[in-house]
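Here the structure is a predicted model, which means the values were calculated and not measured. Side chains are part of it too, since the values below use all heavy atoms of this structure and drop only hydrogens, waters and symmetry mates.
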Amino acid sequence: MQPVLPSRRPKRADAARNFDALLAAARDAFAEKGAQASLEDVARRAGVSIATLYRNFPTREDLVEEVHREEVEKLCRAAAELGDLDPWEALAAWLRRFVDYIGTKLAFADALNRATDSFHACRKAMRDAGGPLLERAQRAGGARPEPTIDDLLRMFSGISTIEYVDDAQRERVFGLALAGLRATPGVDPQGNHSPGRASSPFRKAHDLDSGESF
């Protein structure tokens with residue numbers, strides 16, 4: 001599969017191996033120590049010299065940008081790989097991948113230059129990758145018709161960046177967000193309410209006296 005985003009990865013096999021090792025080492029170092037992790041430590045983890053690191057990434061910003069680009073690339077590839085799943089399941093699985101991506105990005109977000117062409121290309125690539133999954137789920141009636149892919153990326157980005165009591169709470173909030181995205185029973189994929197069904201998800205006052213228990 002062709003890369004979604006342009007990369008500085010060299011074509012020569014030995015140089016490409018060093019490049020890949022540096023990216024993997026940088027990702028681990030950033031996760032442990034943040035984007036200000038020592039570049040000497042990154043080179044040591046990768047098993048290459050600091051000169052090799054600087055030959056591939058002349059500045060720290062170049063390294064951070066490439067780690068970010070690779071994470072976005074994996075997210076975009078995941079969208080294509082999920083195409084054979086049920087439309088709703090594919091969308092939910094991709095949003096899970098997106099949440100994981102945000103978690104990785106947080107480690108180096110402070111050092112990421114948001115004014116570069118690469119950063120804007122990454123944002124566009126994510127929308128282009130997730131948009132068809134959302135539209136397919138909406139057409140199939142699995143997802144609510146109102147949200148856009150931009151709405152979803154903002155919502156799931158927001159719930160991924162706040163602090164939680166524990167992982168269980170994080171999972172509950174993620175599940176609640178997915179539940180809010182699911183289509184309301186009785187509403188077709190175009191947003192029209194089916195005949196004979198209540199137009200509101202809330203129970204009307206007279207229903208409360210029906211004797212039904214909760």
Side-chain angles (χ1 to χ4, degrees), residues 3-10 15-79 93-130 149-177:
V4 176
L5 296 160
S7 170
R8 61 174 72 224
R9 187 174 189 267
R17 282 194 297 272
N18 288 339
F19 183 91
D20 293 342
L22 283 164
L23 282 185
R27 192 183 311 109
D28 291 344
F30 293 161
E32 292 175 18
K33 303 177 181 178
Q36 297 309 311
S38 161
L39 295 185
E40 288 78 6
D41 181 41
V42 171
R44 186 167 52 252
R45 289 171 186 246
V48 302
S49 69
I50 190 66
T52 297
L53 184 150
Y54 280 119
R55 188 162 53 248
N56 283 278
F57 307 103
T59 68
R60 180 184 297 272
E61 183 178 289
D62 292 330
L63 179 57
V64 170
E65 183 177 276
E66 188 63 21
V67 171
H68 179 236
R69 187 212 61 79
E70 189 184 58
E71 292 301 310
V72 172
E73 182 75 34
K74 289 192 292 188
L75 184 63
C76 292
R77 284 200 302 267
W94 189 79
L95 289 171
R96 165 65 68 187
R97 301 282 186 93
F98 176 76
V99 167
D100 292 342
Y101 150 76
I102 292 293
T104 301
K105 179 185 169 185
L106 285 176
F108 55 81
D110 290 346
L112 195 58
N113 186 343
R114 289 164 172 75
T116 64
D117 291 341
S118 174
F119 182 80
H120 292 294
C122 285
R123 293 186 67 180
K124 181 180 185 300
M126 285 187 287
R127 287 171 171 81
D128 291 346
I149 188 61
D150 186 65
D151 296 336
L152 296 194
L153 297 189
R154 289 176 187 276
M155 177 172 71
F156 282 91
S157 178
I159 67 174
S160 302
T161 55
I162 58 178
E163 188 174 345
Y164 293 93
V165 173
D166 52 29
D167 289 342
Q169 185 183 49
R170 184 188 302 274
E171 287 301 310
R172 285 197 303 274
V173 172
F174 179 77
L176 287 168

Considering only heavy atoms from C-beta outward, does the side chain of L23 approach that of F57 to under 4.5 Å?
yes
Gap separating the CG atom of D100 from the NZ atom of K105, nearest 0.5 angstrom
14.5 Å
After noting the C-alpha distance and the side-chain angles of E73 and R69, does the key distance pass the salt bridge (charged side-chain N to carboxylate O under 4.0 Å, His left out) rule?
CA-CA 6 Å; E73 182 75 34; R69 187 212 61 79; 3.4 Å; yes
Within a strict 4.5 Å, meaning less than it, do heavy atoms of the D41 and K33 side chains meet?
yes
Where does the angle between the aromatic ring planes of F30 and F108 fall among parallel (under 30°), tilted (30 to 60°) and perpendicular (over 60°)?
tilted
Check whether the side chains of T59 and E61 place a donor and an acceptor atom closer than 3.5 Å, and report yes or no.
no
Interatomic distance, CD@E71 vs CZ@R27, rounded to 0.5 Å, equals 5.0 Å
Counting C-beta onward and ignoring hydrogens, is there a side-chain heavy-atom pair between F119 and V72 closer than 4.5 Å?
no
Should H68 and Y101 count as side-chain neighbours, where that means a heavy-atom distance under 4.5 Å?
yes
S157 and R154 side chains, donor-acceptor separation under 3.5 Å:
no
Could you tell me if the side chain of I149 sits less than 4.5 Å from the side chain of M126, heavy atoms only?
no
Is it the case that R96 places NZ or CZ above or below the six-membered ring of F174, under 6.0 angstrom from the centre and within 45 degrees of the axis?
yes
Would you mind reporting whether N56 and E66 have side-chain heavy atoms less than 4.5 Å apart?
no
